[in-house]
Amino acid sequence: MNYQAPRGTYDRLPQDSKAWEYVIRQFQSIVESYGYGEISTPMFEETELFIRSSGDTSDVVSKEMYTFTDKGDRSLTLKPEGTAGVVRAFNQHKIGAQGGIHRFWYFIPIFRYDRPQKGRCRQGHQVGLELLGSDSVYSDAEVIDITTKFYRALGIDNVTVFINSIGCENARKQYAEAILQHVATYLSTKDEEFNSKTRKNPLRLLDNKDPEIKELMKSAPKIDAYLSEHSKDRFNKLKQVLDTYGINYQVDSTLVRGLDYYNETVFEVTSDTIGAQSSLCGGGRYDNLVKQLGGPTTPSCGVAMGIERALLVMPEREYEQYNLDFFFVAATDSGMNKVIELSNKKRLKGYRCNFDLDFRNIKQQMKLAHRLNSKNVVIIGDDELTKSSVTVKNMENGDQLSISETEFLTNDVGAN
RNA sequence: GCGGGUGUAGCUCAGGGGUUAGAGCACCUCACUGUGGCUGAGGGGGCCGUGGGUUCGAUUCCCAUCAUCCGCCCCA
């Protein structure tokens, strides 16, 4: 029997990890420059948590969750998104009890039972951040600013953020009603499944790709008309602040989010180069979620960015070519002890060192050094042993020099 | 969950109802017993995804299944 990774999952091998680590490092250094701290929550939570936060009509909850019952008969779910866990931890540890603003970042796997496709896996990975405790438009702007900085750091040019305001819950209800009225005649021609799906979340019609629906939605009412004065002012202020930041954005009044907890500002960055899964990240405000999950009133916003998708659109870049600084070669058996001694001393100084565990002949050892991409080879044979010296060979240009052992250990010869 | 494409060597891919299934790259050995890459010569490697059917005979045709890719859907 040959085993393979479960459908929709993949192994990340060392050669893929350079790009991966680069992405994570960029994210981390950006969010840390804004004072965000890492939060790590369990990979699974009570199923109820996700149903309460994302909403039981969302596809994520209704058909994509990895839910299981443990031996204590608890219903648990591998997390399909990051926000719910952070908010749960925030409430559990009473972090918001004294008020104030709290900034978290995370890097997590997410699990969704869905048909695998380009940019879509059953175990995906996200980096994200949550800014809890501020209802200021400056908090929206900060999150959007970090998002654009992140993509720019990855070399993804001309990042455009699509933004929209979906207002407060009340406005959304009224607007949803208006949409339903607008499509009433059309709905009467469709089957029951489509009808019930549409009635549950009418706003999804806005970004539907069906040409017929697209045409129909052109004449549909716009959300602006249903926004409260407060929401409108807020959205206008946000646009001004984004201008101040110099952020490239575009208002898209059809932009809605699939998870129920969002309100007011929502945003997304897309790419047309990765096929159907064009969304690189999604975020927005969730002013009621903390309270809804049992905490204090805590207006908040956040964003989650898909790592797999970022990697798809990211331009190729050169990563460091060498995996080792020194590969030690023992020309004869008597050199082996010295090889171990010197490689360990160099390792303690932070150099990446290795040698042939099988101690084959010098030619084989050289080949191995080459294959392991070592910057230098250090040759230790009988000559070197009697002179207490080493021969250092630069593997790029083939230059070779003989230096004393002490000089080799104290100098940074061959380091660069 | 629905539709379409593809599964042949480690990788990229040819091929084709009939002895022993190919190429390029990679790998190993030797030329080269204290020196990798370059060159030359040689070599190892395959249940042709899996299960069933048709057939004298299937890796090739048919069905199923699994995986993978693309689209729908959904979303990151």
Side-chain angles (χ1 to χ4, degrees), chain A residues 1-10 13 15 54 57-65 79-83 107-128 147 151 193-194 197 201 204 207-211 213 255-259 262 266-271 274-283 302-313 327 329-332 335 356 360-385 391-400 402:
Chain A
M1 186 64 198
N2 286 320
Y3 293 105
Q4 54 187 320
R7 182 164 165 79
T9 67
Y10 62 93
L13 303 177
Q15 63 265 31
S54 295
T57 60
S58 66
D59 275 37
V60 168
V61 166
S62 63
K63 44 191 193 193
E64 294 174 4
M65 293 208 299
K79 54 186 171 194
E81 59 94 38
T83 302
F107 162 39
I108 55 167
I110 57 159
F111 303 88
R112 293 184 193 176
Y113 187 87
D114 201 353
R115 188 108 172 221
Q117 209 173 307
K118 191 174 194 176
R120 188 168 82 185
C121 319
R122 289 185 174 177
Q123 179 182 337
H125 300 82
Q126 296 183 339
V127 288
T147 303
Y151 289 115
E193 196 198 330
F194 186 82
K197 203 169 133 186
N201 197 347
R204 301 295 333 185
D207 55 3
N208 195 295
K209 285 173 200 158
D210 183 328
I213 296 175
L255 177 64
V256 290
R257 308 256 75 228
L259 307 179
Y262 287 108
V266 293
F267 68 93
E268 179 170 300
V269 174
T270 60
S271 162
I274 52 172
Q277 310 301 314
S278 60
S279 178
L280 291 179
C281 73
V303 62
M305 300 168 246
I307 295 174
E308 284 81 4
R309 289 184 193 179
L311 287 167
L312 282 174
V313 285
F327 187 92
V329 166
T332 57
D356 184 4
R360 293 168 298 183
N361 67 44
I362 188 165
K363 192 181 182 68
Q364 304 275 25
Q365 293 184 57
M366 290 300 296
K367 271 191 151 165
L368 186 57
H370 179 75
R371 191 163 45 212
L372 294 180
N373 242 329
S374 188
K375 208 183 282 186
N376 302 285
V377 165
V378 180
I379 298 163
I380 296 159
D382 293 339
D383 289 358
E384 285 83 358
L385 285 173
T391 300
V392 179
K393 175 167 183 169
N394 178 319
M395 290 295 273
E396 195 178 338
N397 57 26
D399 288 352
Q400 220 163 283
S402 177

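Throughout, a chain's letter reflects where its sequence line sits, starting with A, and its residues are numbered from 1. What's counted below: heavy atoms across the whole structure, side chains too, no hydrogens, waters or symmetry copies.
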Inset, instruction - Could you check whether A:G381 gets within reach of a base, just the sugar-phosphate, or nothing at all, counting any heavy atom under 4.0 Å? - result: base
Inset, instruction - Would you write the dot-bracket representation of RNA chain B, where each base gets (, ), [, ], | or . depending on whether it forms a Watson-Crick or G-U pair under 3.5 Å and with which partner? - result: (((((((..((((....[...)))).(((((.......))))).....(((((..]....))))))))))))....
Legend entry - Base of B:rG36 paired with side chain of A:E396 (donor-acceptor, under 3.5 Å): no
Inset, instruction - Scan A:Q400 against the nucleic acid and name what it touches under 4.0 Å (heavy atoms): base, sugar-phosphate only, or nothing. - result: base
Where do N or O atoms of nucleotides 66-69 of chain B meet protein N or O atoms at under 3.5 Å, pair by pair?
{"unit_1": "B:rU68", "atom_1": "OP1", "unit_2": "A:G8", "atom_2": "N", "d": "3.3"}
{"unit_1": "B:rU68", "atom_1": "OP2", "unit_2": "A:R7", "atom_2": "NH1", "d": "3.0"}

Legend entry - Spacing between A:K367 atom NZ and B:rC32 atom P, to the nearest angstrom: 14 Å
Legend entry - A:E308: which of A:R120, A:H125, A:Q123, A:K118 passes side-chain contact (heavy atoms from CB on, under 4.5 Å): A:H125
Inset, instruction - Establish whether the base of B:rC75 is bridged to the side chain of A:R112 by a donor-acceptor pair shorter than 3.5 Å. - result: no
Inset, instruction - For A:A369, report the nucleic acid contact type (base, sugar-phosphate, nothing); a contact means any heavy atom under 4.0 Å. - result: nothing
Inset, instruction - Using only heavy-atom distances, decide whether a donor-acceptor pair under 3.5 angstrom links the side-chain of A:K363 to the base of B:rG34. - result: no
Inset, instruction - Just compare B:rG37, B:rG34, B:rC75 and give me whichever is closest to any side-chain atom of A:V60. - result: B:rC75
Inset, instruction - Give the C-alpha distance, both sets of side-chain angles, the deciding distance and a yes or no for salt bridge (Lys or Arg N to Asp or Glu O under 4.0 Å) between A:E268 and A:R257. - result: CA-CA 9 Å; A:E268 179 170 300; A:R257 308 256 75 228; 2.6 Å; yes
Inset, instruction - Measure distances between side-chain N and O atoms of A:R204 and base N and O atoms of B:rC73, and say whether any donor-acceptor pair falls under 3.5 Å. - result: no
Inset, instruction - Look at the side chain of A:R309 against the base of B:rC75 and say whether a donor-acceptor pair falls under 3.5 Å; ignore hydrogens and angles. - result: yes
Inset, instruction - Report yes if the side chains of A:D356 and A:V329 come closer than 4.5 Å at any heavy-atom pair, otherwise no. - result: no
Inset, instruction - Using a 4.0 Å heavy-atom cut-off across all strands, classify A:N361 as base, sugar-phosphate, or nothing. - result: nothing
